[in-house]
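Working notes, structure below.
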Amino acid sequence: DAKTTQPPSMDCAEGRAANLPCNHSTISGNEYVYWYRQIHSQGPQYIIHGLKNNETNEMASLIITEDRKSSTLILPHATLRDTAVYYCIVRGQNNAGNMLTFGGGTRLMVKP
Amino acid sequence: EAGVTQFPSHSVIEKGQTVTLRCDPISGHDNLYWYRRVMGKEIKFLLHFVKESKQDESGMPNNRFLAERTGGTYSTLKVQPAELEDSGVYFCASSYGTASGYGYTFGSGTRLTVV
């Protein structure tokens, strides 16, 4: 699976949009971009995923660049409860291992 | 729908002892995964079950770790004998399928401390 690069930490004001970037310049054509987050002392939580089109669900939006080499996770109105470590993961559609490869993630701190 | 459940939530054991962690996946999820995070490191894959069969155990660190999934329902991960470096948080996850579109649901983890 392709490697991803994320900033180690970010701050965001409560109520504002949080934009978390991810670089995946070696992504291949059949690899999807997944986002998970881990709130302190809980297990990782699935947020959203996409291939090449932008995606939106009740939690977030995912913007993938046209060349697919980077993406941005957007939390439109961050709350204090969104403080967590956010992981950008690239995974093949039918890769043999089917595992998720976690990197260091971005520690998002939402401040009042 | 009940989520992925892990027992116990915390375990403190002495070096050399045996510990068994249990994971109950979401009902109907054939795929079950074990991951762990040791202190200061990233979350790492351990193994993947499809029903009762081990699909991929490439992440198992050594033969002190034994995972089973009898009948394709719940799974256990046994560490015998436990070493200090086994301390960490062990996560279980399950999914209905493995292709894209199937997000994994993780449990809250078991925090293992070996002293």
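Chain naming here is simple, since letters A, B, ... match the order of the sequence lines and numbering starts at 1 in each. Only heavy atoms go into these numbers, but all of them, side chains included; no hydrogens, no water, no symmetry mates. Here the structure is a predicted model, which is why all the values come from computation and not from measurement.
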Taking [atom1] in [X] as the centre, count heavy atoms belonging to other residues, nucleotides or ligands within less than 6.0 Å. Is the count above 12?
X: B:Arg64; atom1: CZ; result: yes
X: B:Arg22; atom1: CZ; result: yes
X: B:Lys15; atom1: NZ; result: no

message: I'd like to check A:Tyr36 versus B:Tyr104 (side-chain heavy atoms, cut-off strictly below 4.5 Å). Are they in contact?
response: yes

field: B:Phe91 side chain reached by A:Gln38 side chain, heavy atoms, under 4.5 Å
entry: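 Yes; the side chains approach each other to less than 4.5 Å.
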
message: Give me the atom names and distance for the closest heavy-atom approach of B:Ile43 to A:Tyr87.
response: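 Distance-wise, the nearest heavy atoms are CD1-OH, 4.1 Å.
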
task: Please name the pair of heavy atoms, one in A:Leu100 and one in B:Tyr35, separated by the smallest distance, quoted to 0.1 Å.
output: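 Reported closest heavy-atom pair: N-OH, 2.7 Å.
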
Are [Y] and [X] connected in a single hydrophobic cluster, I mean Ile/Leu/Val/Met/Phe/Trp/Tyr linked by side-chain heavy atoms less than 4.5 Å apart?
X: B:Leu84; Y: B:Val89; value: no
X: B:Phe45; Y: A:Tyr32; value: yes
X: A:Ile63; Y: A:Trp35; value: no

message: As an exercise, state the distance from OG1 of A:Thr101 to CD of B:Glu42, rounded to the nearest 0.5 Å.
response: 10.0 Å

query: Between B:Arg37 and chain A, which part of the residue has a heavy atom less than 4.5 Å away: side chain, backbone, both or neither?
result: side chain

task: Check each atom of B:Ser58 against the heavy atoms of chain A and say whether the ones under 4.5 Å are side chain, backbone, both or neither.
output: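 The side chain, not the backbone.
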
